[in-house]
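Quick notes on the structure that follows.
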Amino acid sequence: MITVLSGGVGASRFLQGLASTVDPGEVVVVSNTGDDVEMFGLHISPDTDIVMYALAGAVNPETGWGLAGDTFAVVEQLQRFGYPRWFNLGDRDLAMALHRTRLLREGMPLHEVTAGLAKDWGLTCQIIPMSNDPVRTVIVSPEGPMSFQEYMVKLRTEVDVRGVEFSGAEQAAPAPGVVESLSEAEVVVFAPSNPLVSIWPILAVPGIHRAIGESRAHRIAISPIIAGKTVKGPAAKMLASLGHEVSSVGVARIYQGLIDTMVIDTEDAALRDEIEGLGIRCVVTNTWMTDDNRKRELAATVLEAARRP
Ligand code: GDP
């Protein structure tokens, strides 16, 4: 079993490669729900949906989120009734949110709702939300605290990040299957996701951090930072404003003690010794997943590195 800690866009691209390299039935995705948000009265799980759409081959390839060919008639129309327009949710994407919300209101726990949705999309891998309890990533800024979606979508990351908090994490429990998937896995992968707002909310759920620490799996992270930059999104900016080094070394320090191996890009080959100095084995390869071949090659390299004695 291969368990992947997953955010949205970066993780989903890696998962596409993984699912076409191994039997997807062997893959368990532990999905970040810290970005979940209530909009228009609906429960939206952005990271989980990105992963499902990507694995189903339905994701919008231009944005990396949402459904290919989706339209936006409903959010346009909602403006007439005074709803904000900043949250861009496609019409077909909304269908997913409607269905999820109905099932949750009927009392079905999120992990069962998510498993059902994955099945509806024809997926054979398991996708488990990190927790059934509400954990919300809060961005602390000079303008006050805000949800991750407000920071990312409404304000387009143009505010200074002073801190990141995970509201509700202390009272949350891992969703059924999460701890088991970490204890029983042969390999635990930290996807190339934003360490601060995609992976850390998962680790903030009590019990998950410990399960990874105690797991006998080989634990391997792929750096989302290449040559001091993110491929997409605010990870570099956030790392800098929170005092981390903006490099694969900075990411390795965040994960130190939880991972055995770190995979970094060939552009960062010079950082290998510094990462190994942290007690983390370092593998250098092409990590920029520019096409399907690159995605598969990265997945194969990660598995090969994890299985190397
Ligand atoms: P989000 O929740 O949708 O922002 O998605 P993630 O946290 O999963 O992904 C964002 C991170 O993925 C960013 O820090 C990107 O640098 C990283 N990323 C995206 N594509 C790639 C890629 O091809 N290679 C690597 N190494 N990182 C990537």
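Whatever order the structure lists ligands and atoms in, that order sets their numbers, starting from 1.
- Applying the ring pair (Phe, Tyr, Trp, His ring centres under 6.0 Å) test to residues at least two apart or on different chains, none of the pairs has a partner in residues 204-226.
- With respect to the salt-bridge test (charged N to carboxylate O, under 4.0 angstrom), the residues R136 and E165 do not qualify.
- A salt bridge is absent between D291 and R294; no separation between the charged side-chain nitrogens and carboxylate oxygens falls under 4.0 Å.
- Residue-level contacts of ligand 1 at the 4.0 Å heavy-atom threshold are G7, G8, V9, G10, A11, R13, D47, P192, S193, N194, S198, S223, P224, I226, T230, V231, K232, A235, T287, W288, M289.
- Of the possible polar contacts, none joining the E112 side chain to the P109 backbone as a donor-acceptor pair under 3.5 Å is found.
- Between E158 and K237 no salt bridge is recorded (no basic side-chain N to carboxylate O distance below 4.0 Å).
- Applying the side chain to side chain contact (heavy atoms under 4.5 Å, CB included) test between L298 and each of T287, N293, L18 identifies T287 as the sole match.
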